[in-house]
Amino acid sequence: MTDTFQRMWAELLPVGRSASSGGYRRFAWNSADAECRAWFEQQARDRGLHHELDHNGNQWAWLGDPHGEGAVVTGSHLDSVPDGGAFDGPLGVVSAFAALDELRSRGARFTKPLAIVNFGDEEGARFGVACIGSRLTAGVLSKEQAHGLRDADGIRLPDAMEKAGYDPDAIGADRERLARIGAFVELHVEQGRYLAEGQSVGVASAIWPHGRWRFDFHGEANHAGTTRIEDRRDPMLTYANTVLAARKKAKLAGALATFGKVAVEPNGTNAIASLVRGWLDSRAADEATLDEVVEEIRRAAYERGERDGVRVELTRESYTPVVDFDGPLRDRLARVIGRADGHPVPVLPTGAGHDAGILASAIPTAMLFVRNPSGVSHSPAEHAEEDDCLAGVAALADVLEDLACQ
Ligand code: HGY
Ligand code: MN
Ligand code: MN
Ligand code: MN
């Protein structure tokens, strides 16, 4: 197990890695994404698995009949956030192939079809909506909505897909595929420190509700050197106060609010901006708190805009309701993993969104987390120790054996 894990990891590690930051730039349909996809297909072929590309741009590596009932599916994503870490996504895909290798070395007899999946565009780094591949498959993102998405250079999602050789008119819900799936288990590096003090592997209890909102602050372009302060309608001022308000409101409510992305027009040092666009990522343990925090941030932005003579517009770009993994599949995972190493498996929530969170509305779904000592993620500093990764592979192999083998 160790050597196949190490080999795959060494192959994937350099793909799409920035020499300057050490972070990854694997964005939907770019060259690094294509390289990752080619790597995935090679892993499938090396193992005699049937490689399938579905009409939403997700990759599937099948052992057994792809049209068989009750398939057991595992995997994650290979794309990254800008300058993201090496583990977020790839750990779930590499571990899936390594777990299959482990089961084959045990002589496991599969009684159900098994698939390893790479979901396309999970991070939404390029087109702004997360989990596009799994959302399209689950039917929670329509073809029309997807066709309306553009990247920062104005390139439309369908044009990017077409350029990469995919048919953008074929995208859409894939309910027959989902109806044939008996269980989906996603292994993922933990993006937090719940496991840091304890064990290598935990089981997900829930995914916090979360969403993305775009604030447009419309001001008035003018000369930075000749416009009196009292004559300005500076959207940067309203934006800055909204960022401060977001931090304050979230802290008070025990929620999370982040303005991590901003666009300024005309973006000149000696020009007062005409427009500032700020993207808010907000999350909370429950939907009522999340809705309340976002409403308070909206109100603070509008009130400040009144003072500054800046018109504020708010657009909700995506929203994922709370995902509760409670149920027989999670209990089964906890039993199988707990049995293997003799003590109860930690069960933990996460504020990070996942393809598993999207699919949970359609099929039995569960998640395994692997310890991340610092908890840091969406950063080149993201890390997991090899021992913990291998413990994750062993746990995943035990779970797949329990679900898909005699
Ligand atoms: O944003 C998230 O939570 C996930 O990493 N896509
Ligand atoms: Mn991520
Ligand atoms: Mn991820
Ligand atoms: Mn994910």
Side-chain angles (χ1 to χ4, degrees), residues 12 16 23-28 32-33 36 40 58 74-96 117-136 138 140-141 149 184-192 194 202 204 206-214 250 255-261 279-285 290 316-323 325 348-360 365-372 374-384 389 392:
L12 208 48
Y24 287 83
R25 295 175 181 171
R26 300 166 175 166
F27 310 137
D33 187 42
C36 287
F40 180 94
N58 306 305
T74 185
S76 188
H77 61 96
L78 294 173
D79 68 308
S80 72
V81 294
D83 284 349
F87 296 80
D88 174 356
L91 183 62
V93 178
V94 170
S95 300
V117 62
N118 165 33
F119 281 110
D121 200 2
E122 190 273 351
E123 293 293 3
R126 181 172 176 188
F127 294 100
V129 171
C131 300
I132 287 189
S134 52
R135 281 181 200 270
L136 285 169
V140 294
L141 179 74
L149 298 175
F184 172 55
V185 178
E186 179 171 3
L187 180 145
H188 204 283
V189 66
E190 190 194 346
Q191 296 160 303
Y194 191 95
I207 294 179
W208 278 19
H210 57 283
R212 299 182 184 191
W213 288 262
R214 194 189 75 235
L256 301 172
T258 313
F259 275 95
K261 177 181 168 184
W279 279 266
L280 169 71
D281 174 312
S282 192
R283 314 192 187 204
L290 177 59
R316 186 173 88 170
E317 290 194 334
S318 71
Y319 185 85
T320 307
V322 62
V323 174
F325 287 116
L348 58 145
T350 178
H354 297 282
D355 297 306
I358 301 301
L359 295 175
T365 300
M367 288 197 76
L368 293 181
F369 289 124
V370 170
R371 178 165 43 192
N372 167 348
S374 71
V376 169
S377 182
H378 284 189
S379 152
E382 181 183 81
H383 180 71
C389 295

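Start at 1 and go down the list; that is how both ligands and their atoms are numbered. All values reported here derive from a predicted model rather than from experimental measurement.
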_Glu122, any N or O under 3.5 Å of ligand 1 N or O_ =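 So ligand 1 has an N or O lying under 3.5 Å from an N or O of Glu122.
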
*Do any of the N, O or S atoms of His77 sit under 2.8 Å from the Mn ion (ligand 3)?*
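Within the cut-off used here (under 2.8 Å), His77 does place an N, O or S atom near the Mn ion (ligand 3).
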
*Tell me which N, O or S atom of His378 sits nearest to the Mn ion (ligand 2).*
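Relative to the Mn ion (ligand 2), the closest nitrogen, oxygen or sulfur of His378 carries the name NE2.
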
*Ionic contact status for Arg212 with Glu317, cut-off 4.0 Å*: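 Result for this pair is no, no salt bridge flagged.
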
_So that I can tick it off, tell me whether Arg25 and Asp83 are bridged by a salt bridge, with the cut-off set at under 4.0 angstrom between side-chain N and carboxylate O._
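Yes, charged N to carboxylate O under 4.0 Å.
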
*Would you say the side chains of Asp88 and His77 form a donor-acceptor pair under 3.5 Å?*
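Per modelled atom types, Asp88 and His77 side chains form a pair under 3.5 Å.
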
_Candidate pair Arg135 and Thr320, rule side-chain hydrogen bond (donor to acceptor under 3.5 Å, both in side chains), full reasoning_ = CA-CA 10 Å; Arg135 281 181 200 270; Thr320 307; 2.9 Å; yes

*Considering all heavy atoms of both residues, which atom of Ser95 and which atom of Leu187 are nearest to each other, and what is their separation?*
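The answer is OG-CD2, 3.6 Å.
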
*Provide the number and element of each atom of ligand 1 under 4.0 Å from a heavy atom of Ala352.*
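Under 4.0 Å from Ala352, ligand 1 has these atoms: 3 (O).
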
*Can you list the ligand 1 atoms lying under 4.0 Å from a non-hydrogen atom of Glu123?*
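Going through ligand 1 atom by atom, the ones under 4.0 Å from Glu123 are 4 (C), 5 (O), 6 (N).
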
*Give the atom name of whichever N/O/S atom in Asp88 sits closest to the Mn ion (ligand 3).*
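Answer by atom name: OD1.
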
*Which option, Gln191, His354, Arg283, owns the non-hydrogen atom nearest atom 3 (O) of ligand 1?*
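Looking at heavy atoms only, Arg283 sits closest to atom 3 (O) of ligand 1.
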
*Verify the ring-centre separation between Phe87 and Tyr24: is it less than 6.0 angstrom?*
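No, ring centres 6.0 Å or more apart.
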
*Are any N, O or S atoms from Glu122 nearer to the Mn ion (ligand 2) than 2.8 Å?*
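No, Glu122 does not qualify, because none of its backbone or side-chain N, O or S atoms lies under 2.8 Å.
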
